[in-house]
Amino acid sequence: MSFDKKSVVYQIYPKSYKDTTGNGVGDLQGIKEKLPYLAELGIDIIWLNPFYPSPQRDNGYDISNYTAVNPLFGTMTDFEELVSTAKLYGIELMLDMVLNHCSTEHEWFQKALAGNSYYQDFFILRDKPTDWLSKFGGNAWAPFGHTGKYYLHLFDVTQADLNWRNPNVREELFKVVNFWRDKGVKHFRFDVVNLIGKDETLVDCPINDGKPAYTDRPITHEYLRELNEASFGQDSNSMTVGEMSSTTIDNCVKYSNPNRRELSMVFNFHHLKVDYDKGQKWTLKAFDFDSLKTLFHTWGEAMSEGGGWSALFWNNHDQPRALNRFVDVKNFRNEGATMLAASIHLSRGTPYVYMGEEIGMLDPDFTSMSDYVDIESLNAYKGLVDSGKSEQEAFAIIKAKSRDNSRTPMQWDDSAYAGFSNAKPWLAVGKTYKEINVTAEKSGKIFPFYQKLIALRKNYPIISEGDYKAAYQDSKQVYAFERQLAGQKLLVLNNFSADKAEIALPEVYTKGQVLLSNYENTNLDEKLLLNPYQTLAILI
Ligand code: TEU
């Protein structure tokens with residue numbers, strides 16, 4: 001049996017979910033405490049961002065020991081308790097495997113630096129750097145001690161890329177996955193996994209910061225098949241998702257088509273770049289609806305036709321909150337949040353909910369650079385100022401784009417620190433917590449709507465299994481698609497604008513059943529008038 005297509009995944013950033021020790025940092029016990037809440041929401045799987053030992057230069061994506069728990073988050077016993085208690089609620093865990101790179105504090109790198117040639121071959125060392133840029137700024141190569149060589153780091157200088165061409169490296173990494181399988185974990189998210197397969201000879205590449213030279217290389221597919229066979233592929237209902245950086249549809253069909261035995265599904269980020277000016281993240285621009293709609297349609301149809309499978313998401317720990325990007329949040333927060341949710345939960349793929357999304361959390365509205373912690377934001381601010389932007393201009397960009405926007409503490413109630421901790425949190429709480437918090441939103445519009453969406457997927461095979469076809473492709477306001485399964489059809493209309501939108505509804509649909517809407521009393525007329533940010537799903 002393959003993975004369960006009725007499942008919905010909920011992503012938790014452990015540092016920011018719930019602090020039970022009073023040190024201002026969330027922990028594993030805190031997540032355990034909130035399991036009843038997650039069961040009430042109805043989710044099936046929790047994806048945990050890295051909680052392993054790490055110097056935290058990149059908040060845990062710089063791992064110094066793959067098979068232990070960072071004391072900051074608790075102990076291995078806490079982890080085991082979390083797994084077993086979650087099981088009682090019918091919830092399973094998905095762990096984050098960061099296998100493209102490790103921290104320079106990892107013993108492999110330390111031994112390599114000390115001159116051990118066996119471990120030197122664990123890294124990508126060259127006599128001369130290429131012109132590739134690090135995704136966190138600057139050149140992607142750094143001097144390897146005093147050897148005269150350079151090591152590759154596609155991310156921070158403390159995150160050294162691992163040499164997957166070395167079979168010993170692959171064996172060590174497969175052991176890591178199997179270590180966690182032995183702890184009862186069946187589901188895994190693989191960080192930037194389309195970057196693991198580097199060519200033997202690395203060459204300069206002036207296009208796009210060097211990305212084409214190391215992204216989606218053909219050998220990556222081979223490594224994924226090997227990983228599958230050596231680890232999670234042995235569990236019948238394991239769910240795996242690969243995070244694909246700057247990828248293509250063709251490769252994503254290959255990564256996720258079950259016949260190829262690579263991964264269950266893929267994350268791609270193209271839809272979250274439609275508010276980048278000329279493809280650059282550190283810019284300010286309103287989102288381009290036409291590009292968003294076209295991307296969803298192209299990917300939706302190609303993945304459906306090619307038998308691939310997508311992870312569907314609006315938010316994660318690397319993105320500012322989608323509500324602030326795609327919705328007139330001052331006037332239509334409830335309508336916008338529910339429409340965004342329906343537009344992916346009713347689509348073809350597996351939906352992911354990022355903590356706080358289910359209560360409509362917003363960006364924190366920080367007022368000074370001193371509120372930011374993220375390495376990428378701090379580097380980008382410096383880069384913007386160095387390139388001639390004023391401090392105010394640079395700050396405005398960081399405020400809109402920083403990854404810290406989504407990393408602020410979960411807002412549980414209106415008490416101090418939003419009920420996250422009784423001590424000052426590691427990252428400040430968002431300004432809106434008095435109004436936007438779990439206690440208030442349980443009886444609001446957004447949380448119950450998510451409950452409904454999650455339940456619908458369980459009860460309607462057309463939602464979990466149906467094909468995807470684009471609809472109303474020329475609309476300037478509405479992103480629409482049709483799902484099809486065994487003679488049944490489901491039309492999903494999503495008005496992405498703050499104005500009403502007129503739609504010509506085919507006659508068959510005027511006699512259909514309204515499966516879901518975020519407004520009451522919709523008449524299915526042939527001249528259908530959608531309200532601002534309305535979502536409407538009609539079943540025939
Ligand atoms: O992110 C991959 C990635 O490509 C990010 O650089 C992303 O494009 C960027 O954050 C958007 O601005 C993964 C993790 O999700 C991220 O948290 C890590 O920092 C990164 O890998 C390195 O492990």
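Atoms within each ligand, like the ligands themselves, are counted from 1 in listed order. When a residue number appears, it is its place in the shown sequence, counting from 1.
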- Could you check if a side-chain atom of Y352 sits within less than 4.5 angstrom of a side-chain atom of N316, using non-hydrogen atoms only? no
Contacts of N100 meeting side chain to side chain donor-acceptor pair (under 3.5 Å) (sequence neighbours excluded), chain-then-number -> D161, K198
*K34 to W412, cation-pi by 6.0 Å centre distance and 45° axis angle*: yes
Sorted by chain and residue number, the side chain to side chain donor-acceptor pair (under 3.5 Å) partners of D58 (sequence neighbours excluded) come out as Q159, R403
Per the under 4.0 Å non-hydrogen criterion, ligand 1 touches D58, Y61, H101, F136, F155, Q159, R189, D191, V192, E243, S245, K281, H317, D318, E376, R403, R407
**Study point:** V373 vs R407 side-chain heavy atoms within contact, under 4.5 Å
**Key:** no
Taken in chain and number order and not counting sequence neighbours, the residues that satisfy side chain to side chain donor-acceptor pair (under 3.5 Å) with T130 are W132, W141
